[in-house]
Number of protein chains: 2
Amino acid sequence: MFAVMATAFEVLAEPVRRQILDLLRERPRSVGELTEQLGLTQPGTSKHLRVLRDAGLVRVRPEAQRRWYELCPEPLAELDAWLAPYRWMWSGRLDALERHLNTMPSGSDTSAGPAGHQQIDPESEELP
Amino acid sequence: MFAVMATAFEVLAEPVRRQILDLLRERPRSVGELTEQLGLTQPGTSKHLRVLRDAGLVRVRPEAQRRWYELCPEPLAELDAWLAPYRWMWSGRLDALERHLNTMPSGSDTSAGPAGHQQIDPESEELP
DNA sequence: CGCGAACATACCAACTCAGTAATATGCCGA
DNA sequence: TCGGCATATTACTGAGTTGGTATGTTCGCG
């Protein structure tokens with residue numbers, strides 16, 4: 001019947017839902033507003049919002065027929081907590097200040113977007 | 001033919017894959033070792049490792065018949081970058097907010113960034 | 001009171017994905 | 001050279017998800 005409450009990881013695997021959170025980070029929005037921004041149908045938007053609501057990532061505030069959805073970022077702490085033990089690994093060589101800058105918008109590595117392709121061994125497989 | 005490289009979000013939506021990374025965080029492991037730890041079949045483990053490899057999250061080092069998988073945490077920076085603008089919201093500690101404010105008052109790095117401003121449409125206002 | 005706006009839900013088709021079994025490949029030792 | 005070990009790949013199946021259309025439901029307004 002009702003799906004078990006999904007983790008923030010599963011919920012955020014969907015790009016559209018991340019986009020919704022990004023939009024709500026700016027300010028609360030109505031369903032119609034989000035629908036237009038996302039380029040989906042209204043029911044599609046409602047369904048994504050339903051998932052986000054079930055995961056506790058957004059909260060709804062009704063006002064007449066309009067529903068204002070606002071961000072509820074606490075479950076994101078789950079993401080952050082899982083990520084914490086890894087964070088030193090890719091920023092470990094930097095001192096604290098640079099490490100912090102690394103987590104913020106800074107133009108040092110904007111070339112390929114956020115974490116594109118690293119120095120993965122190009123041919124880690126044996127060739128015939 | 002080749003699936004488009006999945007984002008770290010999509011790859012980590014699977015609990016088993018997060019577990020694999022957690023195991024590899026300790027030390028590199030062989031497929032058989034991971035299979036035993038995860039309680040999966042060997043092909044199942046190999047398929048998850050394949051996904052992780054395609055996403056650049058693990059690297060493989062062959063040694064005879066054995067393949068040693070090791071962590072490759074750089075793509076996790078994508079997660080961290082997306083998370084960054086949200087982090088101050090849930091951490092009730094003012095510590096995070098304080099550091100956040102302390103690192104960007106000069107506005108030197110407000111121009112752009114990997115995760116600073118996503119595709120939020122700035123002129124999204126159309127409410128009559 | 002009835003109509004329309006705003007939103008939710010139900011239902012449906014297409015797709016993706018995890019798991020398993022069967023099979024293929026490469027490497028070592030006897 | 002042959003057999004066995006470690007791993008990869010493929011084919012298949014069943015379950016879950018996404019996005020769309022159609023259909024309610026609630027509320028404000030003329």
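None of the values given here were measured: they were computed from a predicted structure. Protein chains get the first letters and strands the later ones, always in sequence-line order, with residue 1 at the start of each.
- Between A:Ala64 and A:Val16, the residue anchored closer to the 5' end of DNA chain D is A:Val16, taking for each the nucleotide with the nearest heavy atom.
- Atom C1' of nucleotide C:dG19 and atom CG of B:Leu38 are separated by 13 Å, given to the nearest angstrom.
- Spacing between atom CD of A:Glu36 and atom P of C:dA6 amounts to 11 Å, rounded to whole angstrom units.
- Within a 6.0 Å radius of CD in A:Glu70, other residues, nucleotides and ligands contribute more than 12 heavy atoms.
- Atom CD of B:Glu63 is separated from atom P of D:dC5 by 19 Å (rounded to the nearest Å).
- Look at B:Arg17 and B:Asp22 and you find no salt bridge, because none of the NZ, NE, NH1 or NH2 atoms lies under 4.0 Å from a carboxylate O.
- If you measure from atom CG of A:Leu52 to atom C1' of D:dT18, you get 14 Å, rounded to the nearest angstrom.
- The phosphate of D:dG19 (OP1 or OP2) has no side-chain N or O of A:Thr41 nearer than 4.0 angstrom.
- Atom CD of B:Gln65 and atom P of D:dC5 are 11 Å apart (whole Å).
- Atoms CG (B:Leu12) and P (C:dA18) sit 12 Å apart, rounded to a whole Å.
- Rounded to an integer number of Å, the gap from A:His48 NE2 to D:dT18 P is 6 Å.
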Exercise for review: Using a 4.0 Å heavy-atom cut-off, write out nucleotides 8-17 of chain C from 5' to 3' as B (base contacted by protein), S (sugar-phosphate only) or - (no contact).
Suggested key: BB-B------
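- Here D:dC29 presents its C1' atom at 14 Å from CZ of A:Arg66, a figure rounded to the nearest Å.
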